[in-house]
Engineer: 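Dropping a structure here in structure tokens format, bear with me for questions.
Just so you know, residue 1 is the first one in the sequence shown, and it goes up from there. Not measured: the values here are computed from a predicted model.
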Amino acid sequence: MVPGAKSAKQCTLAMAVKLEKGRTVSIFKKKRERGWWPFIRLKEGKEDIAENKKSQKRKKSKNEYRESRTIENQRGGYTIELAGKVEAEFELLTAEEAEKNPVGLGRKEPNPLNKPNRPNTSLSWLIIPIKGCYFYIWRNYKKYIISAVFILLLLAFLILFIYTVPGSLSNKLING
């Protein structure tokens with residue numbers, strides 16, 4: 001058995017050819033094998049091979065090239081084409097282990113989460129817009145808002161000063 005690739009990107013058509021080179025894994029020694037394996041399609045005949053060579057000559061994008069890569073086997077006269085990829089896990093069990101955990105029933109039910117503690121908000125129609133303003137406006141423009149309020153306060157004191165100075169000066173001059 002060819003060892004599985006660790007990710008889908010590493011799973012290539014060359015993995016199917018590696019079986020001939022002798023890089024294999026024994027499921028009887030390892031007991032468990034997990035990974036990605038390629039699905040291949042065999043094409044026979046000279047017409048299919050010629051068709052593949054023509055389609056390989058035209059320019060292809062990276063994704064299209066990855067999915068339609070072909071390898072021609074010189075001995076058999078067929079072409080191997082990548083048809084898809086599968087993620088699988090193979091495990092070799094004894095008869096007793098297989099009876100304890102039958103296929104498809106071996107998984108346990110998911111653990112239920114505790115219910116979240118959500119406070120009862122009766123004024124949510126008022127709080128939600130305020131929270132929105134806080135997160136979208138206050139966090140981004142905090143320094144501008146504070147400086148604008150400071151400038152408005154200074155401007156208000158300046159206007160009040162200019163408004164009251166003539167009256168207080170005339171009182172000082174008359175009352176003396």
Side-chain angles (χ1 to χ4, degrees), residues 1-121 124 127-144:
M1 179 171 149
V2 178
K6 292 184 179 181
S7 69
K9 288 182 180 179
Q10 294 173 346
C11 178
T12 62
L13 186 58
M15 289 176 63
V17 179
K18 286 181 185 177
L19 185 61
E20 295 175 5
K21 294 181 181 176
R23 184 172 175 237
T24 59
V25 173
S26 174
I27 191 79
F28 297 105
K29 290 180 184 175
K30 207 170 177 186
K31 300 288 186 195
R32 176 179 276 188
E33 181 67 21
R34 182 183 178 150
W36 288 83
W37 285 272
F39 278 116
I40 59 171
R41 182 172 58 183
L42 299 176
K43 286 189 173 184
E44 294 183 18
K46 294 179 181 177
E47 298 147 2
D48 290 337
I49 294 171
E51 180 183 318
N52 285 334
K53 286 182 180 177
K54 285 179 186 176
S55 64
Q56 283 181 347
K57 285 182 182 177
R58 66 182 175 93
K59 290 185 178 180
K60 297 180 179 182
S61 66
K62 289 182 181 179
N63 292 335
E64 188 180 351
Y65 180 73
R66 281 190 200 130
E67 294 176 4
S68 65
R69 220 180 296 179
T70 59
I71 296 174
E72 190 174 324
N73 188 344
Q74 300 297 333
R75 290 178 284 157
Y78 59 88
T79 303
I80 301 171
E81 186 175 57
L82 182 63
K85 301 174 184 181
V86 65
E87 182 181 18
E89 182 176 351
F90 298 104
E91 186 174 3
L92 187 65
L93 302 173
T94 62
E96 295 98 26
E97 291 173 341
E99 287 176 6
K100 285 181 186 176
N101 294 324
V103 175
L105 302 176
R107 295 187 179 178
K108 297 177 183 175
E109 289 291 322
N111 295 332
L113 297 174
N114 296 334
K115 291 191 177 183
N117 182 16
R118 293 188 180 127
N120 186 8
T121 55
S124 63
I127 293 172
I128 290 173
I130 292 172
K131 282 185 179 180
C133 288
Y134 172 75
F135 283 111
Y136 294 117
I137 297 172
W138 181 253
R139 282 187 171 181
N140 296 329
Y141 302 105
K142 182 190 320 184
K143 58 185 173 186
Y144 300 115

Engineer: List the residues meeting side-chain contact (heavy atoms from CB on, under 4.5 Å) with Glu97, not counting sequence neighbours, and say none if there are none.
Structural biologist: Leu93, Thr94
Engineer: Testing the basics here: between Ala8 and Lys85, what is the closest heavy-atom pair and its distance to 0.1 Å?
Structural biologist: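 Heavy atoms only, the tightest pair is O-NZ, 2.9 Å.
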Engineer: Mind checking what makes ring-ring contact (aromatic ring centres under 6.0 Å, His included) contact with Trp36, not counting sequence neighbours?
Structural biologist: none
Engineer: Tyr134: what forms a side-chain contact (heavy atoms from CB on, under 4.5 Å) with it, not counting sequence neighbours?
Structural biologist: Trp138, Arg139
Engineer: For Cys11 and Pro38, which heavy atoms make the closest approach, and how far apart are they?
Structural biologist: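 Shortest heavy-atom contact: SG-N, 3.4 Å.
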Engineer: Identify every side-chain donor-acceptor pair in residues 25-34 under 3.5 Å, counting partners at least two apart or on other chains, and give the distances.
Structural biologist:
| residue | atom | partner | partner atom | Å |
| --- | --- | --- | --- | --- |
| Ser26 | OG | Phe28 | N | 3.4 |
| Lys30 | NZ | Glu33 | OE1 | 2.8 |
| Arg32 | NE | Glu89 | OE2 | 3.2 |
| Arg32 | NH2 | Glu91 | OE1 | 2.9 |
| Arg32 | NH2 | Glu91 | OE2 | 3.0 |
| Glu33 | OE2 | Gly4 | N | 3.2 |

Engineer: For residues Leu82 and Leu13, report the shortest heavy-atom separation together with the two atoms involved.
Structural biologist: N-CD1, 3.8 Å
Engineer: Output all residues satisfying ring-ring contact (aromatic ring centres under 6.0 Å, His included) with Tyr141, sequence neighbours left out; order by chain, then residue number.
Structural biologist: none
Engineer: Identify, with sequence neighbours excluded, every residue that meets side-chain contact (heavy atoms from CB on, under 4.5 Å) alongside Ala95.
Structural biologist: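 Partners of Ala95 by the side-chain contact (heavy atoms from CB on, under 4.5 Å) criterion come out as none, since no residue qualifies.
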